[in-house]
2 protein chains.
Amino acid sequence: MPVTPGSLTRCEAGDQPFPPGQAKACTVREVLDRVGGKWSIGILVAASQGPVRFTELERRIEGISRRMLTLTLRNLERDGLLHRRVYPTVPPKVEYTATPIALELYESLVALTSWAERHHTAVADARGAYDQAHGTAD
Amino acid sequence: MPVTPGSLTRCEAGDQPFPPGQAKACTVREVLDRVGGKWSIGILVAASQGPVRFTELERRIEGISRRMLTLTLRNLERDGLLHRRVYPTVPPKVEYTATPIALELYESLVALTSWAERHHTAVADARGAYDQAHGTAD
DNA sequence: CCGTATCCCGAGCGATACTG
DNA sequence: CAGTATCGCTCGGGATACGG
């Protein structure tokens, strides 16, 4: 059985104007609005292996700025995807841990990685063909 | 068995600097960069039910502008997710159809919708708690 | 009917410097 | 160590008007 249209009912949490029949699209957007940021997934992956400290993330993510690391961590924490534990020591120590629902999300993302791995060459080919047919570099 | 770190090998198609151990993050980003746009999913959903015409999409998506509809259609076509068929009639008629790999992607997205449906209340609660604890509206 | 062309704005992100 | 503050830019996206 393919995807059943209408199996997803409502779209109440969003402020986006999705008409009926587009409930699924809306639901997906919900997720994308939360982990669609440039660094969210990377942080989630790192934190899914166990508690991670701020500076460790800064090293592991490579390319991220202090600012974006902080911002993304805050957003993930706000959405209940990360738990932030502060040790009142000196120097300070903060650990970030993926919450259970983040781990579930992580699992769900596997479907996407699988798709990407199966078709990324096809996508690349399609791009090449398209750019060939139209104006590649003019 | 939970997600096995390292089961996804390389990240060759991207131009983003993902260090080793972040291959999964990179792969997911690949997908997000393609369907992460504001309207991509909606169009994909509509086109997955069968061929759709331009104006029909314009009505079904509700809120989308002509410009963004065209742009998003072009991107999806370029990535091989949509097939564009032009009937040389007058007035012109154009049909967009989801390709097989788009349908597979659509299936993969079900995992995300499932996650969203299971936890969107938890996320909302987390947000509320966070905003409560910090400065909601001050 | 199916687009393109232009203008404009705000969010997202990067760089840099400062702090408890 | 783990942040905050400020600036500035790029780019996605909205509004509007025009064209084949």
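Heavy-atom basis, side chains included; hydrogens, waters and symmetry copies ignored.
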Do V86(A) and L73(A) land in one hydrophobic cluster if side-chain heavy atoms of ILVMFWY residues count as linked below 4.5 Å?
yes

For R53(A), give me all partners under salt bridge (charged side-chain N to carboxylate O under 4.0 Å, His left out), at least two apart in sequence or on another chain.
none

Under 3.5 Å, side chain of S114(A) to main-chain N/O of V110(A), donor-acceptor pair present?
no

Under a 4.0 Å heavy-atom cut-off, which of residues 74-98 of chain A touch DNA chain C?
P92(A)

Roughly how far apart are T55(A) OG1 and K93(A) NZ, rounded to 0.5 Å?
11.5 Å

Has the side chain of S40(B) got a donor or acceptor atom that lies under 3.5 Å from a matching backbone atom of G36(B)?
no

Among residues at least two apart in sequence or on other chains, which ones pass side chain to side chain donor-acceptor pair (under 3.5 Å) with E62(B)?
none

I'd like to check I61(B) versus W39(B) (side-chain heavy atoms, cut-off strictly below 4.5 Å). Are they in contact?
yes

Could you run down the sub-3.5 Å N/O contacts of the protein with nucleotides 5-9 of chain C?
none

Can you list everything that forms a side chain to side chain contact (heavy atoms under 4.5 Å, CB included) with A126(A)? Sequence neighbours excluded, please.
none

dC13(C) C1' sits how many Å from L32(B) CG, rounded?
16 Å

Are L82(A) and T99(A) close enough that some pair of their side-chain heavy atoms sits under 4.5 Å apart?
no

Please enumerate all residues that pass salt bridge (charged side-chain N to carboxylate O under 4.0 Å, His left out) together with R84(B), with sequence neighbours excluded.
none

Reading DNA chain D 5' to 3', which nucleotide is the first, and which the last, to come under 4.0 Å of any heavy atom in chain B?
dG13(D) to dG20(D)

Can you tell me if W115(B) uses its side chain to pair, donor with acceptor, with the backbone of V31(A) under 3.5 Å?
no

Among all residues two or more places apart in sequence or in another chain, which pass the side chain to side chain donor-acceptor pair (under 3.5 Å) test with E58(B)?
R66(B)

Per the under-4.0 Å heavy-atom filter, residues of residues 51-63 of chain B near DNA chain D come out as none

The side chain to side chain contact (heavy atoms under 4.5 Å, CB included) partners of P51(B) (sequence neighbours excluded) come to E95(B), T97(B)

Tell me which donor-acceptor pairs under 3.5 Å the side chains of residues 74-81 of chain A have, and how far apart each pair is, sequence neighbours excluded?
residue: R74(A); atom: NH1; partner: Y96(A); partner atom: OH; Å: 3.3
residue: N75(A); atom: ND2; partner: L71(A); partner atom: O; Å: 3.4
residue: R78(A); atom: NH1; partner: D131(B); partner atom: OD1; Å: 2.6
residue: R78(A); atom: NH1; partner: D131(B); partner atom: OD2; Å: 2.5
residue: D79(A); atom: OD1; partner: R127(B); partner atom: NE; Å: 2.7
residue: D79(A); atom: OD1; partner: R127(B); partner atom: NH2; Å: 3.2

Evaluate E30(A) against H120(B) for side-chain hydrogen bond (donor to acceptor under 3.5 Å, both in side chains), listing each step before the verdict.
CA-CA 8 Å; E30(A) 288 279 302; H120(B) 72 93; 5.7 Å; no

Inter-end axis angle, the helix from dC1(C)-dG20(D) to dG20(C)-dC1(D), with every axis fitted to five base pairs (rounded, 10 degrees)
50°

Map T72(B) and R66(B) onto DNA chain D by nearest heavy atom, then report which one ends up closer to the 5' terminus.
T72(B)

When the distance from CG of L71(B) to P of dG3(C) is rounded to whole Å, what number comes out?
12 Å

